[in-house]
**Q** 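I'd like to ask you about the structure that follows.
Below, all heavy atoms of this structure are taken into account, side chains as well, without hydrogens, waters or symmetry copies. Quantities reported herein were computed from a predicted structural model and do not represent experimental measurements. Sequence lines set the chain letters: A, B, ... in the order given, protein chains first and strands last, and positions in each chain run from 1.
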Amino acid sequence: MNAADPDHSNSKGSQPSSPPLAAPAAGALGGPACADVPGPRLPSAPSRPRRILFAPVKFFWGMVFCQTVTGALAVVGWTYRLMQRSVLKQWWRLSESPGKSERFVDFAARDPLTEGHSHWPNWFLAQNFHRTRPAPARFLPGEGSGVGPWPRPDAESADRRSRAGGFLSHATRLFKALFTSLWANVRLGVQAIFNTWVLTLPACVLMLFGWYDGWNNSFNKGYEQFWVGPAVSWLGVLLFIAAMLYLPMAQARQAITGNWRSFYQFRLVWTLVRRRWLACFGLASLYALCSIPILILSSLVMFLPNINPKLADLTPAQSIQVLNSYYFRSALFVFPAYVLLRLVAARIYGSALVKAVQTGAVAQDALSENEWQALHRLDLLRVEPPRLRHPVWRIAAWAGTRAGSVTFGFLTGLAWFIFVAQLYLAQFFNYRGAVVWLNQTLVQLPWFHHLPAALKNPWGDFLAAALIVFVAWRLKRFGLWLKSIGAHIRSLP
Amino acid sequence: MTNPPGQSLERASALPRRAFLKSVLAGSGLLAGGAPWAAAQSLLADPRNPAFRGPNVILVRFGGGARRRETIDRQSTYSPFLCRELVKRGTLYERMEIAQIQGLNTSHGEGTLNIVTGRYDKYKDVGNKFLGARFEPKVPTVFEYLRKSYAVPPHQTLIVNGEDRPDEEFYTFSNHFAYGIDYRSNMLSLYRFKAWLMRRQIAEGKLSDKQIEQKKKELAKWEQLDYRTQGDDRPAPALDSFWQRWREYYSDSGLVNPRGDRLLTELTVRALKELRPKLIMVNYQDCDYVHWGNLSHYTRAVSIMDEGLRQIVEAVEADAEYRHNTIFVVVPDCGRDSNPFADVPCQHHFNSRSAHEIFALFLGPGVPRGAVVDKPVDQCQLAATIGRFMGFNAAFAEKRVLEEAIA
């Protein structure tokens, strides 16, 4: 199943000429920008019918994956890959270099680092599966992005080796390529959710216990320590808001760099946030807006027996069936909302980073390798000298920026508060236990499939996901170990 | 039964001219700001009425909102005393329901008023507050019927209310022109104690000026809430003494007395000893905390109510005057949902079928023992049935009486 790219305008599939990028402009680094590596084969842009065919298929799989924790991990990873592509495309659009490719697909295909972004990320198959034949499912170092070299530069030789290796080797590679994207999606999802939880889980745990103790206190009329529950809740809410001021940009950074460690580059991420308060406020508002349908969907399920009284008499198996269908349909909103929020964050990140680099607020050596390469190829690394303005204007601008930052910082916090308030409201209407406190659909895993504990233990899904990821990881390690043994044996005289 | 139903029906249905005029005057006096007069008048029993000799009735609202499953279902009960002990001693209506009427809510205020008025009504909060339950019944309550029929002072018709339901503090009388404030019941609650205490502290003058000022402001705010009596619904001397003894025992802090539904049990047991009520309604409420999603709050609260019920029954049995002259009526204000799609199936009571499904248990003299009635009956039949037991005619209530409960 290969990808379609709905936002491509050129569907002729022609092979355009590949003019070299412009010479380095003032302030930009020279070197590789001019040496635009010609790709082994330039892919054609997916045709319109193909896009029309595959877009709903991809959407359908997104909805399916939102039904389980393991699937939600894949959705997170897939979304991160899409974010990377989105930013790359944004930068390509921003580039005014006369030498840039006419079509994004050509630009992406010219560098093994970005070749996988010629079309939307796949759910299962390796990128460019149809073209690369059984592509070796290997990544470069730091390839966590899942879009690094797809295939890596030595793909051709690997292919040759593959052909030479006989049928078994060929079949093995083919089998691997069938699931390359799935593996990359899940692996990226695990890295992403780990970081997201590191930042948000403490606040979520506080909110969980604040809720528990607050009402426990009410029930037991603990007037002497009435403040404990509310105080813990408020602390959790404030911590959550603080985390959310940082999180979307950090997630975007992790997605774009493909490196989980970059999530923790606090100074860089915070610099970008501070430079784009207005956009961050917009993003927070969008989160708050998108959580309204989630609130409705999670509450509406309580009213199903009121809407149709016959539902109150269903057997457990029938109830599960009804809920499965309900939550699958809910994914019609949940999946695109989750992706949309991250794409918006990625766009904010992409534009903020370029601007920050060009004004010198972020040094080029703070960029990741793939960011630097992409910006360099697009001639976006030029540092613009600061404009000299009258001191009065500078003071006014500073004050305006300061006041703006404070205002929009406050408003952003308020938008996040509205977002959290909806979580509390949703829990009041339909209390779904600790799982919902610890995993909020739009922030952490887009897993929106809650069966009552009486029908199915909600933690079972988490345990299954953990087990699957662990086993897959160990198998991978085992495979690598076998390979190293084989290599060692072959190297013996 | 000391008052044959037929006899009391005649007496109650004939509305004396003087009483009627007095009611109208009281009503218009209220509107014209003459509430204090009316309030003061109603502190006394009407000496023209015959004395009430029983049976007394203890009405236990097994609420707020309890399902059959956790109460009368022997397999899954959390109220063993009710289910395994009391049921054997009385008549159980295991299929009592709140009627399915368009616009009728299955909630606590509504359920309480269904029970005490014997009529279903679509209540609206008088201040149009969201989720407010400040309702004013249009037809008389059982307390009003009793007081109008017999010489019973208000402090012997009591409602024991919880600390988290201030709206229900004002269910003591209806807006019916021929009944209303003159025949009101009295409320026992922490709210009332605090109001009494504030008045007392202001009068004692032991607090600092600032504190007194603060208390006066707070009291004025509370009194405004009781706009129908304009804050002049002062406790009768008997109640005054009751609160005085409460204060002496539990002090002013509010941190010594029992809390939650245990407080209601304590107030009831004390009231039985000190106020000798003829009709008392205990409005248990704590199982409603399950609204916040902790199922154990519901099941614990059911157990606490059950324990409270046991204490009240023991208190009655230990009292010679009450022992053979008291009828218990145990009934939930409403049921709760049994939602198969929710983690906490009984978190709410959104007018679902299960929220309409309740039960009623009668026990005491004149009630068949060990009888289980397996036919659908209505919550609004309770008022007329209580009227039959106590010897008054609940003229504006649903006429059908729960005959199986009467031997």
**Q** Thinking salt bridges, do B:R353 and A:D313 make one under a 4.0 Å N-O criterion?
**A** yes
**Q** Write out, in numerical order, the residues from residues 202-212 of chain A with a heavy atom short of 4.5 Å from a heavy atom in chain B.
**A** A:W211, A:Y212
**Q** May I ask you to test the B:R247-B:F193 pair for a side-chain heavy-atom distance under 4.5 Å?
**A** yes
**Q** Is B:I304 in contact with chain A via its backbone, its side chain, both, or neither, using a 4.5 Å heavy-atom distance?
**A** side chain
**Q** List the steps, then state whether side chain to side chain donor-acceptor pair (under 3.5 Å) holds for B:S79 with B:T77.
**A** CA-CA 5 Å; B:S79 48; B:T77 186; 3.2 Å; yes
**Q** Thinking salt bridges, do B:E218 and B:K221 make one under a 4.0 Å N-O criterion?
**A** no
**Q** Which of the residues B:S354, B:G293, B:S338 is involved in the greatest number of heavy-atom pairs with chain A at under 4.5 angstrom?
**A** B:G293
**Q** Identify which of B:Y289, B:W292, B:F341 forms the greatest number of heavy-atom pairs closer than 4.5 Å to chain A.
**A** B:W292
**Q** Measure A:N430 against the heavy atoms of chain B and call it side chain, backbone, both or neither at under 4.5 Å.
**A** both
**Q** In terms of heavy-atom pairs under 4.5 Å, which option from A:N220, A:L455, A:L451, A:N216 contacts chain B the most?
**A** A:N216
**Q** Give me the contact list for residues 432-440 of chain A versus chain B, heavy atoms only, anything under 4.5 Å, ordered by residue number.
**A** A:R432, A:G433
**Q** Just so I know, are the side chains of B:D333 and B:F62 near enough to count as touching, which here means a heavy-atom distance under 4.5 Å?
**A** no
**Q** Are A:W447 and A:F462 an aromatic pair by the rule of ring centers under 6.0 Å?
**A** yes
**Q** Which bit of B:A301 is near chain A, if near means a heavy-atom gap under 4.5 Å: side chain, backbone, both or neither?
**A** both
**Q** For the pair A:F428 and B:H291, name the ring-plane relationship: parallel under 30°, tilted 30 to 60°, perpendicular over 60°.
**A** tilted
**Q** Heavy-atom pairs under 4.5 Å with chain A - which of B:V344, B:L255, B:N294 has more of them than the others?
**A** B:L255
**Q** Thinking salt bridges, do B:E357 and B:R67 make one under a 4.0 Å N-O criterion?
**A** no
**Q** Going by atom types only, do B:N283 and B:H108 share a side-chain donor-acceptor pair under 3.5 Å?
**A** no
**Q** If the test is side-chain contact (heavy atoms from CB on, under 4.5 Å), which one of B:N161, B:L158, B:I159 qualifies with B:L188?
**A** B:L158
**Q** Any chance the side chains of A:Q422 and A:S291 put a donor and an acceptor closer than 3.5 Å?
**A** yes
